[in-house]
Amino acid sequence: MSSINTVPALDDFANERKHMVESQLRSRGIHDERVLNAMLQVPRHEFVSEELRTKAYADHPIPIAEDQTISQPFIIALSLQALALTGSESVLEVGTGSGYQTALLAVLARAVFSIERYATLARGAEAILAKLGYGNVRVFVGDGSHGLREFAPFDAIVVSAAAPTIPKSLVGQLAEKGRMVIPVGPPHAQQLQLVRNADGTVAIETLEGCRFVPLVGAEGY
Ligand code: SAH
């Protein structure tokens, strides 16, 4: 096969992505080169509506359909870095939304299972992920606060919506040495927490203050 296939396609927003990576991520302590490279590659503008494309790489969340948002690039990078993915993992994402973070996970892990409560968002994300050629992703419609038992355990779980407490089902679906990143707290201000499962104990570390849309479901709000 020709080596040209390994050269990332240049698009109109390549310079904006580069700027985002340097000024919003590297300068604030994101150091995992795999995460930085993934964020350099994945076309965030493809996951937002036409009229918001020029704002796709700005330092803030962006509204999508159903009153939801794509998180700020820094919060996504911090979450992905905390998962410490090497490329061999099976990952669960709760809250597919636009599919942007799903695409990043597809670059960083072996297999991605993503679950979204709104069928409209799930179908939209699925279509754009397929169009962009991310083949190692499956999108499901349902309440992800219970996780996705039939595909557990997961080496990593990332929850993109805020939970009142850490859902027990999700902890139970973590593999040995598995990691989960989840925003926990009341609707208007949460802590992004890293949950680690090792040797039968669960360790919790707080990464950053944050504000996500609520996780609506049996083990959420
Ligand atoms: N990572 C997404 C962020 C989307 S916002 C992105 O990059 O675009 C969070 C998403 O979580 C919303 O789409 C919301 O509908 C979804 N969500 C909320 N509660 C959920 C639940 N219990 N199960 C699955 N998805 C849920």
Side-chain angles (χ1 to χ4, degrees), residues 17 20 25 35 38-39 41-49 52-53 55-83 85 91-109 112-129 132 134 137-149 151-152 154 156-170 173 180-185 187-188 190 192 210-221:
R17 275 202 295 286
M20 172 188 80
L25 308 184
V35 170
M39 294 195 68
Q41 275 179 47
V42 174
R44 184 169 160 97
H45 63 276
E46 296 274 2
F47 295 86
V48 305
S49 60
L52 292 174
R53 287 204 162 173
K55 300 195 172 72
Y57 297 94
D59 193 13
H60 52 67
I62 301 182
I64 56 175
E66 309 290 3
D67 272 336
Q68 306 299 318
T69 54
I70 310 190
S71 304
Q72 179 193 17
F74 174 70
I75 290 291
I76 293 181
L78 192 69
S79 304
L80 295 174
Q81 176 167 276
L83 295 178
L85 300 170
V91 181
L92 171 67
E93 178 187 49
V94 178
T96 316
S98 67
Y100 171 63
Q101 180 178 263
T102 324
L104 292 165
L105 289 168
V107 173
L108 292 167
V112 184
F113 300 88
S114 186
I115 179 162
E116 166 57 52
R117 63 188 282 263
Y118 286 109
T120 44
L121 291 174
R123 296 286 102 86
E126 213 165 37
I128 174 77
L129 289 163
L132 295 173
Y134 298 105
V137 174
R138 289 176 68 180
V139 181
F140 301 83
V141 178
D143 176 6
S145 70
H146 293 306
L148 206 51
R149 216 176 46 212
F151 297 100
F154 301 101
I157 298 178
V158 57
V159 183
S160 298
T165 53
I166 299 171
K168 286 201 171 52
S169 296
L170 295 182
Q173 290 174 24
M180 166 163 64
V181 175
I182 176 167
V184 182
H188 295 290
Q190 304 107 30
L192 193 61
C210 59
R211 185 173 168 173
F212 280 72
V213 296
L215 181 73
V216 179
E219 294 186 50
Y221 279 102

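Counting convention: from 1, in listed order, for ligands and their atoms alike. The structure presented is a predicted model; accordingly, all values stated were derived computationally and were not measured.
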Y100 side, atom OH; I128 side, atom CD1 - distance, nearest 0.5 Å: 13.0 Å
Distance in Å, F74 CZ paired with M39 CE, rounded so as to fall on 0.5 Å steps: 10.5 Å
Passing candidate, side-chain contact (heavy atoms from CB on, under 4.5 Å) with L105, options V112, I76, L92, V42: V112
Proximal protein residues to ligand 1, non-hydrogen atoms under 4.0 angstrom: Q68, T69, I70, E93, G95, T96, G97, S98, Y100, Q101, I115, E116, R117, Y118, L121, G142, D143, G144, S145, S160, A161, V213, P214, L215, V216
Pair E219, S145: side-chain N/O donor-acceptor within cut-off below 3.5 Å: no
Distance-only polar pair, side chains of R44 and Y57, donor-acceptor under 3.5 Å: no
Aromatic plane relationship, F151 with F113 - under 30° parallel, 30 to 60° tilted, over 60° perpendicular: parallel
